[in-house]
A.B. asks: 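Please find one structure pasted underneath; my questions will follow.
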Amino acid sequence: MLLAAGFVPTLLSLKALKSRALRKGVWLRLDPAARALVDASILYLKRGGRIKSQALAQALKTVAEKILALTTPIRLLAKAIGTAIARARGVEVDEEEAVALGLQWMNTPKRYKTAGGVQVA
């Protein structure tokens, strides 16, 4: 979602990711398994190891996406969502209208969200 396809779990990138999560106060909102995975990977890489497993790299990418989603400002997410909705409807909106549309969509309960007339559960 938020990460480019070329995410490589290196010592520097994982330490920066953990530092950002701690700084923004979202580290403890992650599930304990995700925190343990990042901590164990950092320790392993500090001791000279290399991550070769594609499954481990994918799991670390998933954790990184969760952290970035939690640390991304709400206004930026709302703008991206609002712009996507406006583009799907074929409507031109400015930045403020896109933010308003995105916030409205984010605050709408799942039971009332529809996609082409069909409710999305």
Side-chain angles (χ1 to χ4, degrees):
M1 177 175 123
L2 296 173
L3 287 177
F7 174 75
V8 179
T10 62
L11 180 61
L12 184 63
S13 66
L14 290 176
K15 285 175 79 173
L17 198 64
K18 181 178 178 181
S19 173
R20 180 178 181 161
L22 286 169
R23 192 171 55 248
K24 298 282 186 171
V26 299
W27 181 249
L28 294 177
R29 282 197 269 164
L30 290 172
D31 58 328
R35 293 193 310 254
L37 181 66
V38 171
D39 285 336
S41 298
I42 289 173
L43 185 62
Y44 177 70
L45 290 170
K46 273 185 183 178
R47 293 184 177 184
R50 246 181 38 176
I51 295 177
K52 295 184 266 183
S53 168
Q54 292 299 320
L56 178 58
Q58 184 62 35
L60 287 170
K61 182 178 179 180
T62 304
V63 172
E65 287 177 348
K66 286 181 189 175
I67 290 173
L68 290 177
L70 288 172
T71 59
T72 303
I74 296 295
R75 183 175 174 85
L76 186 65
L77 289 174
K79 181 182 171 189
I81 290 170
T83 304
I85 291 171
R87 189 176 301 130
R89 292 182 182 170
V91 178
E92 278 294 319
V93 294
D94 63 350
E95 182 177 343
E96 292 301 318
E97 289 174 345
V99 170
L101 186 60
L103 285 173
Q104 288 172 1
W105 185 85
M106 290 168 68
N107 288 324
T108 302
K110 285 184 183 179
R111 88 169 39 157
Y112 298 117
K113 291 180 184 175
T114 60
V118 180
Q119 282 191 345
V120 179

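Small disclaimer: the values here were computed from a predicted structure and weren't measured. We use all heavy atoms of the structure for the numbers below, so side chains are in, but hydrogens, waters and symmetry mates are not.
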A.B. asks: Going hydrophobic residue to hydrophobic residue with side-chain gaps under 4.5 angstrom, can you get from I42 over to L22?
C.D. replies: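 Cluster IDs for I42 and L22 match.
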A.B. asks: Give, for atom OG of S19 and atom NZ of K24, the distance between the pair rounded to the nearest 0.5 Å.
C.D. replies: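 So the gap between those two atoms works out to 11.0 Å.
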A.B. asks: Looking at A21 and T71, what are the two nearest heavy atoms and their distance?
C.D. replies: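 Closest approach of A21 to T71: CA-CG2, 4.5 Å.
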A.B. asks: Hey, are the side chains of V38 and L17 touching, using non-hydrogen atoms and a 4.5 Å cut-off?
C.D. replies: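 No - every pair of side-chain heavy atoms lies 4.5 Å or more apart.
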A.B. asks: Roughly how far, to the nearest 0.5 Å, is the CD atom of E96 from the CZ atom of R75?
C.D. replies: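 Atom-to-atom, R75:CZ and E96:CD are 4.5 Å apart.
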A.B. asks: Is it possible for you to say whether I74 and L76 belong to one hydrophobic cluster, with membership spreading through side-chain heavy-atom contacts below 4.5 Å?
C.D. replies: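 Looking at the clustering, L76 is in a separate group from I74.
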A.B. asks: Could you report the tightest heavy-atom contact between K79 and V99, atom names first, then the distance?
C.D. replies: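 Scanning both residues completely, I find the closest heavy atoms to be CB-CG2, 3.8 Å.
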A.B. asks: More than 12 foreign heavy atoms under 6.0 Å from CZ of R50: is that the case here?
C.D. replies: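 Not buried by this count: 12 neighbours or fewer within 6.0 Å.
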A.B. asks: Before you tell me yes or no, could you show the steps for L70 and L30 under side chain to side chain contact (heavy atoms under 4.5 Å, CB included), namely the whole-Å CA-CA distance, both residues' side-chain angles and the distance that decides it to 0.1 Å?
C.D. replies: CA-CA 9 Å; L70 288 172; L30 290 172; 4.0 Å; yes
A.B. asks: Can you tell me how far the CE atom of M106 sits from the CD1 atom of I81, to the nearest 0.5 Å?
C.D. replies: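 One finds 5.0 Å between CE of M106 and CD1 of I81.
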A.B. asks: Taking the side chain as every heavy atom from C-beta outward, state whether R20 and L68 have any atom pair closer than 4.5 Å.
C.D. replies: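 The answer is yes; the side chains approach within 4.5 Å.
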A.B. asks: With a 4.5 Å cut-off on side-chain heavy atoms, are E97 and V91 touching?
C.D. replies: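 Sidechains of E97 and V91: no contact.
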A.B. asks: To the nearest 0.5 Å, tell me how far I67 CD1 sits from T62 OG1.
C.D. replies: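 So the gap between those two atoms works out to 11.0 Å.
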A.B. asks: Do the side chains of Q54 and Q58 get nearer than 4.5 Å, heavy atoms only?
C.D. replies: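 Q58 does not reach Q54 side chain to side chain.
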A.B. asks: The test is side chain to side chain contact (heavy atoms under 4.5 Å, CB included); show your working for K18 and D39 and say whether it passes.
C.D. replies: CA-CA 8 Å; K18 181 178 178 181; D39 285 336; 2.7 Å; yes
A.B. asks: Is there a side-chain contact between R89 and L101 (heavy atoms, below 4.5 Å)?
C.D. replies: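 Yes; the side chains approach each other to less than 4.5 Å.
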A.B. asks: Taking all non-hydrogen atoms of both residues into account, name the closest pair between A34 and V63 and its distance.
C.D. replies: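 Between these two residues, the closest heavy atoms are CB-CG2, 3.7 Å.
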A.B. asks: State, with a plain yes or no, whether a side-chain heavy atom of V8 is found less than 4.5 Å away from one of I51.
C.D. replies: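 Counting from C-beta outward, V8 and I51 never come under 4.5 Å.
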A.B. asks: Identify the two heavy atoms, one from K46 and one from K15, that lie closest to each other, and give their separation to 0.1 Å.
C.D. replies: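 In terms of heavy atoms, the two residues are closest at CE-NZ, 4.2 Å.
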A.B. asks: With the 4.5 Å side-chain cut-off for hydrophobic clustering, are V26 and L37 part of the same group?
C.D. replies: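 Shared cluster, yes.
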A.B. asks: Treating Ile, Leu, Val, Met, Phe, Trp and Tyr as nodes and any side-chain heavy-atom pair under 4.5 angstrom as an edge, say whether L14 and L12 lie in one connected cluster.
C.D. replies: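 No; tracing contacts between hydrophobic side chains, which count when under 4.5 Å, never links both residues.
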A.B. asks: Are the side chains of L45 and T10 in touch, meaning some heavy atoms are under 4.5 Å apart?
C.D. replies: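 A side-chain contact under 4.5 Å is absent here.
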A.B. asks: Mind checking the CG-NZ spacing from L56 to K61? Nearest 0.5 Å is all I need.
C.D. replies: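 Here the interatomic distance stands at 14.0 Å.
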